[in-house]
J.: 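First the structure, which I've put down as structure tokens, then a few questions once you've had a look.
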Amino acid sequence: MGKNWWVIPATIVGYIVYKKYVLSRTFSVFFKTIDFSTMSFLNPTLNLVVQVNNPTDITAEIQNIKGDLFIDNIKVGYVVGITPTTLQTGSAILKIPVTLSYTGVAELIKKFNTGGVSLVFNGSIMIDLITLPLNFEYNL
């Protein structure tokens with residue numbers, strides 16, 4: 001190896017830092033709706049349907065999502081991972097499966113019957129081995 005052995009590793013690190021910077025500045029997620037179609041008593045799971053915007057020309061892969069779902073400041077469910085998904089440029093619809101606790105199901109039913117629900121998701125998303133915060137709030 002010559003004197004400039006560091007050029008290739010520095011280029012790779014520079015690209016990763018650049019990509020993280022661009023994705024963290026431009027990547028956005030907007031809540032669309034809640035999909036109850038997969039929910040059952042034995043499998044209390046619902047899908048948060050979100051719109052993911054990637055206005056860059058960088059195609060990325062979503063490897064993982066982790067986080068907690070709160071309704072009116074009460075933790076009702078959690079996300080421990082998703083199937084890896086390719087995120088093309090532009091916008092795409094993504095379904096995030098949330099596993100509910102049984103007390104969370106009861107709280108969800110109670111809050112939807114009374115109306116005025118504040119939905120908050122706090123978590124993180126891993127895109128191309130880069131972890132970014134994934135937080136959104138929606139009032140129903």
Side-chain angles (χ1 to χ4, degrees):
M1 286 191 141
K3 291 182 179 181
N4 296 329
W5 63 267
W6 56 271
V7 172
I8 293 175
T11 304
I12 293 169
V13 169
Y15 178 73
I16 291 170
V17 169
Y18 169 75
K19 192 171 187 179
K20 181 172 183 170
Y21 174 78
V22 169
L23 285 174
S24 67
R25 295 285 183 215
T26 60
F27 179 80
S28 60
V29 177
F30 299 101
F31 176 77
K32 298 293 267 181
T33 189
I34 298 174
D35 178 15
F36 294 99
S37 65
T38 59
M39 192 160 169
S40 68
F41 184 72
L42 297 176
N43 184 20
T45 302
L46 59 85
N47 288 313
L48 294 178
V49 181
V50 296
Q51 177 179 334
V52 180
N53 293 329
N54 180 14
T56 67
D57 59 351
I58 300 171
T59 299
E61 184 175 338
I62 299 174
Q63 281 115 3
N64 200 359
I65 296 177
K66 296 179 183 177
D68 296 316
L69 178 67
F70 297 89
I71 295 180
D72 293 338
N73 295 322
I74 299 170
K75 183 179 174 182
V76 296
Y78 58 91
V79 177
V80 292
I82 65 164
T83 303
T85 306
T86 301
L87 180 61
Q88 301 294 333
T89 59
S91 66
I93 300 297
L94 179 66
K95 290 185 177 183
I96 303 172
V98 178
T99 303
L100 300 174
S101 63
Y102 286 110
T103 55
V105 171
E107 190 67 30
L108 184 68
I109 292 169
K110 182 173 79 171
K111 294 294 182 182
F112 272 109
N113 285 338
T114 60
V117 176
S118 174
L119 176 80
V120 177
F121 183 82
N122 291 327
S124 63
I125 183 168
M126 183 181 287
I127 302 174
D128 285 347
L129 303 176
I130 300 167
T131 302
L132 300 171
L134 179 63
N135 302 313
F136 54 87
E137 185 173 339
Y138 188 76
N139 295 313
L140 302 172

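Residue indices begin at 1 and follow the sequence shown. No hydrogens, no waters, no symmetry mates; every other heavy atom, side chains included, goes into these values.
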J.: Are there over 12 heavy-atom neighbours, none belonging to N73, within less than 6.0 Å of that residue's CG?
T.: no
J.: Is there a path of hydrophobic side-chain contacts, each under 4.5 Å between heavy atoms of I, L, V, M, F, W or Y residues, that connects I127 with I82?
T.: yes
J.: Do V79 and L69 have side-chain heavy atoms sitting under 4.5 Å apart?
T.: no
J.: Of all the heavy-atom pairs spanning P97 and N47, show the shortest one and how long it is.
T.: CA-OD1, 3.3 Å
J.: Which heavy-atom pair separates T131 from S124 by the least distance, and what is that distance?
T.: CG2-CB, 3.8 Å
J.: Membership question, hydrophobic clusters at under 4.5 Å side-chain separation (ILVMFWY): are V49 and V120 in the same one?
T.: no
J.: Looking only at heavy atoms, which two atoms of N53 and S91 are closest? And how far apart?
T.: OD1-CB, 3.0 Å
J.: Is a donor on one side and an acceptor on the other found under 3.5 Å between the side chain of N135 and the backbone of G123?
T.: yes
J.: Let me confirm one number: the OG1-NZ distance from T83 to K95, rounded to the nearest 0.5 Å.
T.: 12.5 Å
J.: Are V50 and Y78 connected into the same hydrophobic cluster when the rule is that any two of I, L, V, M, F, W, Y join if their side-chain heavy atoms are below 4.5 Å apart?
T.: no
J.: More than 12 heavy atoms of other residues, nucleotides or ligands under 6.0 Å from CD1 of I93: yes or no?
T.: yes
J.: Mind checking whether V98 and T45 have side chains closer than 4.5 Å, heavy atoms only?
T.: no
J.: Apply side-chain contact (heavy atoms from CB on, under 4.5 Å) to L87 and V52, showing your working.
T.: CA-CA 8 Å; L87 180 61; V52 180; 3.6 Å; yes
J.: Go through the steps for N4 and V7 under the test side-chain contact (heavy atoms from CB on, under 4.5 Å), then give the verdict.
T.: CA-CA 6 Å; N4 296 329; V7 172; 3.8 Å; yes
J.: List the steps, then state whether side-chain contact (heavy atoms from CB on, under 4.5 Å) holds for I125 with I62.
T.: CA-CA 7 Å; I125 183 168; I62 299 174; 3.8 Å; yes
J.: So if you build clusters from Ile, Leu, Val, Met, Phe, Trp, Tyr with side-chain heavy-atom gaps below 4.5 Å, do Y138 and I65 land together?
T.: yes
J.: Among the clusters formed by ILVMFWY side chains lying less than 4.5 Å apart, do I96 and L132 turn up in the same one?
T.: yes
J.: I want to check something: taking the side chain as every heavy atom from C-beta on, are L94 and V29 in contact at a cut-off of under 4.5 Å?
T.: no
J.: For residues P84 and Q63, report the shortest heavy-atom separation together with the two atoms involved.
T.: CG-O, 4.3 Å
J.: Quick check against the 3.5 Å criterion: does T33 have a side-chain atom that pairs as donor or acceptor with the backbone of F31?
T.: no
J.: What do the steps show when you test L48 against I34 for side-chain contact (heavy atoms from CB on, under 4.5 Å), and what is the final call?
T.: CA-CA 5 Å; L48 294 178; I34 298 174; 4.0 Å; yes
J.: Just say parallel, tilted or perpendicular for the rings of F121 and F136, cut-offs at 30° and 60°.
T.: parallel
